[in-house]
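One-based numbering, in listed order, for ligands and for the atoms of each. By convention here, the first residue in the shown sequence is residue 1. FYI, side chains are in, hydrogens and waters are out, and symmetry mates aren't considered; it's all heavy atoms of this structure.
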Amino acid sequence: MANIQISQLSKSFGAHRVFDALDLEIPDRAYVCLLGPSGCGKSTLMRIISGLDSDHTGSIRFDGHAVESLSSADRDIGMAFQNYALYPHHTVEGNLRFPLLAPKQKGRWSSAEMTKRVHETADLLRITPLLHRTIDQLSGGQQQRVSLGRALIRHPKVLLLDEPVTHLDARLRFSMRSELKQIHKTMGTTTIHVTHDQQEALAMADVLVIMRNGRIEQSGPGMRIYRDPDNSFVAGFLGDAMRTLLTIELAGEGRARLDTYEFALPDDLASLVAQAPHREITLALPNTSFSIDPTGPLTGTVVAHEMIENTQRIVLKVAGQRIKLLSNRVERVKNGDGVRIRVGITDGMIFDKQSGQRLRA
Ligand SMILES: Nc1ncnc2c1ncn2[C@@H]1O[C@H](COP(=O)(O)OP(=O)(O)OP(=O)(O)O)[C@@H](O)[C@H]1O
């Protein structure tokens with residue numbers, strides 16, 4: 001197992017700079033999720049760690065040893081990327097055995113040891129009954145497990161998983177996630193898992209790394225980041241389903257304005273706005289802060305609505321901004337309806353609008 005240290009990493013594709021002096025440390029045995037919007041550099045970072053990309057500057061160390069001069073095969077890593085890359089006409093057993101037969105591995109395992117590894121790995125992933133089937137006779141979920149088995153069979157120091165469960169249906173995705181966590185618990189391999197799914201990252205990561213435009217916006221335990229985001233991007237991206245971010249204007253003396261509605265900020269926020277560098281701030285509120293009320297001070301238009309179990313989710317447009325209301329009470333609304341909205345400002349967080357930085361006590 002290994003800790004991974006990335007220092008001063010820079011990488012460009014032509015004139016497009018993806019990373020500029022990026023630093024990241026991944027602790028030994030951690031399960032790390034890289035989370036960020038499309039194009040932020042997640043897959044490029046995985047390719048660099050794996051050794052598939054060598055056209056960059058900076059240093060990559062596994063347990064303090066520089067690996068830049070090592071090829072992928074010599075880095076002691078297992079990789080499972082989203083297109084599986086299995087041999088479709090070979091059996092599951094043949095695909096699992098393949099990494100043990102690589103030229104660099106010659107003489108490392110006897111035939112009996114290889115067979116033992118294949119069976120241990122198949123047991124771990126619960127694919128033993130499939131060993132003699134060819135890949136093209138398997139479901140997507142089974143193929144994904146074989147792909148994972150192939151990544152694990154050499155007991156690598158580091159496991160790199162790029163969107164490993166993205167293409168599975170919801171039920172399989174859920175069970176594969178817990179299998180992955182169980183395997184990680186059993187083997188303790190330092191694992192880096194790329195995803196753009198917030199719920200998946202929160203459910204799986206010991207360490208969550210949130211990226212945007214080739215930079216790390218925040219890293220640490222997922223729930224801690226969720227509750228205590230450093231900036232408005234992280235607050236919005238990680239809390240998309242649960243939080244609304246609104247631009248409001250400060251009106252002096254602890255008061256603020258949203259459209260025509262002027263209101264007093266609660267004491268905890270009022271004391272913070274004194275240090276706000278600009279008049280515009282971003283206020284983040286739980287989606288449960290909003291309710292439809294004929295006497296409410298704000299006017300909005302229903303843009304979308306749905307029921308999720310016993311909860312109603314209504315998206316409203318208010319003065320060009322979106323409010324995502326969550327309610328246990330079922331409101332009879334349809335798209336395009338004009339409604340009045342009440343806001344309860346509790347558990348709010350505020351951010352400077354321009355820099356996005358959190359204003360803290
Ligand atoms: N081979 C390439 N040539 C040119 N630009 C590339 C190449 N590969 C990636 N890029 C660019 O580098 C940036 C980072 O891409 P990358 O694939 O790492 O993002 P990502 O976060 O993995 O995105 P996604 O979630 O969509 O897979 C993007 O702007 C992308 O367009």
Side-chain angles (χ1 to χ4, degrees), residues 4-26 30-60 67-68 71-72 75 77-86 140 143-144 147-148 151 158-170 172-173 176-177 180 190-205 207-220 222 225-226 229-241 356:
I4 302 171
Q5 202 170 14
I6 296 164
S7 315
Q8 297 293 296
L9 174 69
S10 295
K11 162 83 188 169
S12 298
F13 289 108
H16 177 54
R17 203 152 181 78
V18 182
F19 301 121
D20 188 9
L22 179 93
D23 291 324
L24 174 66
E25 181 141 6
I26 290 175
Y31 197 109
V32 176
C33 284
L34 295 184
L35 175 70
S38 182
C40 71
K42 304 178 295 290
S43 299
T44 305
L45 186 57
M46 292 288 259
R47 287 177 56 80
I48 290 172
I49 297 170
S50 71
L52 291 173
D53 180 300
S54 52
D55 184 18
H56 54 264
T57 58
S59 83
I60 316 279
V67 296
E68 290 87 22
S71 70
S72 236
R75 289 190 186 191
I77 49 172
M79 290 184 264
F81 289 176
Q82 54 178 304
N83 51 1
Y84 316 146
L86 299 170
Q143 290 185 22
Q144 221 148 12
S147 169
L148 195 60
V158 174
L159 189 58
L160 303 176
L161 309 174
D162 195 345
E163 305 269 11
V165 297
T166 303
H167 298 298
L168 303 182
D169 66 46
L172 255 179
R173 207 160 52 227
M176 271 296 281
R177 281 183 197 166
L180 275 174
T190 306
T191 303
I192 311 177
H193 171 149
V194 161
T195 177
H196 59 259
D197 179 332
Q198 289 89 336
Q199 301 310 321
E200 182 173 306
L202 278 172
M204 300 198 68
V207 179
L208 180 56
V209 176
I210 302 195
M211 297 175 64
R212 176 170 59 154
N213 294 336
R215 286 191 312 275
I216 291 167
E217 293 284 335
Q218 197 169 350
S219 66
I225 301 179
Y226 173 77
D230 283 343
N231 59 52
S232 54
F233 169 76
V234 172
F237 190 69
L238 203 52
D240 187 47

Participant: Applying a 4.0 Å heavy-atom criterion (strictly less than), which segment of His16 is in contact with ligand 1: side chain, backbone, both, or neither?
Facilitator: side chain
Participant: Looking only at non-hydrogen atoms, find the nearest pair between Asp230 and Gln218 and report the distance.
Facilitator: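 So the minimum-distance heavy-atom pair works out to N-OE1, 2.8 Å.
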Participant: Taking Asp23 for the side chain and Gln8 for the main chain, is one N or O donor matched with an acceptor at less than 3.5 Å?
Facilitator: yes
Participant: Side chain of Ser10, backbone of Ala21: donor and acceptor closer than 3.5 Å?
Facilitator: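 Pair found, side chain donor or acceptor close to backbone of Ala21.
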Participant: Would you mind reporting whether Arg215 and Leu22 have side-chain heavy atoms less than 4.5 Å apart?
Facilitator: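 No, their side chains stay 4.5 Å or more apart.
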Participant: Report yes if Gly41 has an N/O atom closer than 3.5 Å to an N/O atom of ligand 1; otherwise report no.
Facilitator: yes
Participant: Could you check whether any heavy atom of Gly36 sits closer than 4.0 Å to an atom of ligand 1, since that is the contact criterion I want to use?
Facilitator: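 Outside the 4.0 Å threshold, so no.
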Participant: What part of Thr44, side chain from CB on, backbone N/CA/C/O, both or neither, has a heavy atom under 4.0 Å from ligand 1?
Facilitator: both
Participant: Does Phe13 reach ligand 1 with a nitrogen or oxygen that is under 3.5 Å from one of the ligand's nitrogen or oxygen atoms?
Facilitator: no
Participant: Closer than 4.0 Å to some heavy atom of Ser38 - which atoms of ligand 1 meet that?
Facilitator: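 So the answer, numbered in order with elements, is 23 (O), 24 (P), 25 (O), 26 (O).
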Participant: Counting only N and O atoms by type, is there a donor-acceptor contact under 3.5 Å from the side chain of Arg75 to the main-chain atoms of Val67?
Facilitator: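 Between the backbone of Val67 and the side chain of Arg75 there is a qualifying donor-acceptor contact (under 3.5 Å).
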Participant: Is the backbone of Ser50 close enough, under 3.5 Å, to the side chain of Ser72 for a donor and an acceptor to pair up by distance?
Facilitator: yes
Participant: Hey, does Ser43 come in under 3.5 Å of ligand 1, counting only N/O atoms on both sides?
Facilitator: yes
Participant: Gly39 to ligand 1: N or O pair under 3.5 Å?
Facilitator: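 Yes; the residue has a nitrogen or oxygen that sits under 3.5 Å from a nitrogen or oxygen of the ligand.
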